[in-house]
Amino acid sequence: MGLELYLDLLSQPCRAVYIFAKKNGIPFELRIVDLIKGQHLSDAFAQMNPLKKVPALKDGDFTLTESLWVLAAKSSKADPSWPHGGSAWRQQWGRTSSGMPMRSF
């Protein structure tokens, strides 16, 4: 089983994930979740993603539910040399996610 993307293309984060996957030739199965109809609030969707948010990525029994992490995971599928995790970014720029300089301990 390959990647499954749960998206509603009316959502900007969903469009970003979709465009990234298409542009990088990452194979996936698109699962439309209609936000206007409230499909993301259904019990069936909650079993896959307890946060009841899109986008979500499912790869076998592994699920990611935040758009930035979905993009990061897809980046590593497209290019395995892509740096993994926030620590790689903090080391490169020397800043935390809040924009404050990192402390040296």
Side-chain angles (χ1 to χ4, degrees):
M1 178 186 254
L3 292 176
E4 297 175 54
L5 285 178
Y6 292 82
L7 308 172
D8 184 338
L9 296 177
L10 292 177
S11 160
Q12 186 279 324
C14 291
R15 286 192 308 272
V17 169
Y18 179 81
I19 291 168
F20 182 87
K22 286 292 197 176
K23 179 78 174 152
N24 288 286
I26 301 170
F28 64 93
E29 187 171 338
L30 179 61
R31 307 280 187 178
I32 297 293
V33 179
D34 193 334
L35 296 176
I36 293 174
K37 292 182 181 177
Q39 289 178 343
H40 62 297
L41 302 174
S42 71
D43 290 335
F45 187 73
Q47 288 177 0
M48 193 279 301
N49 179 2
L51 297 176
K52 300 180 181 180
K53 294 184 177 185
V54 292
L57 173 146
K58 188 170 183 179
D59 190 2
D61 61 349
F62 179 71
T63 303
L64 283 175
T65 59
E66 292 291 331
S67 58
L68 290 176
W69 290 115
V70 169
L71 283 170
K74 291 176 79 54
S75 295
S76 65
K77 287 256 186 199
D79 180 4
S81 68
W82 196 79
H84 298 284
S87 61
W89 300 107
R90 284 194 221 64
Q91 289 171 5
Q92 183 176 356
W93 287 296
R95 299 201 177 269
T96 63
S97 60
S98 67
M100 300 297 292
M102 291 179 60
R103 290 189 220 157
S104 299
F105 293 102

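Residues take their numbers from the sequence shown, with the count starting at 1.
With hydrophobic clusters built from ILVMFWY side chains whose heavy atoms lie under 4.5 angstrom apart, V17 does not share a cluster with L10.
No donor-acceptor pair closer than 3.5 Å links the side chain of N24 to the backbone N or O of I26.
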Show me the donor-acceptor pairs within less than 3.5 Å that the side chains of residues 35-46 make with the rest of the protein, sequence neighbours left out.
unit_1, atom_1, unit_2, atom_2, d
Q39, OE1, D34, N, 2.7
S42, OG, Q39, O, 2.9
S42, OG, F45, N, 3.2

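The OG1 atom of T63 sits 12.0 Å away from atom CD of Q47, with the distance rounded to the nearest 0.5 Å. Here D59 contributes atom CG and E4 contributes atom CD; the two are 9.0 Å apart, rounded to the nearest 0.5 Å.
The heavy-atom pair separating P55 from L7 by the smallest distance is CB-CD2, 3.4 Å. In plain terms, the two heavy atoms of L9 and C14 that are nearest each other are CD2-O, 4.4 Å.
Considering L30, D8, L5 in turn, L30 is the only one that fulfils the side chain to side chain contact (heavy atoms under 4.5 Å, CB included) rule with Y18.
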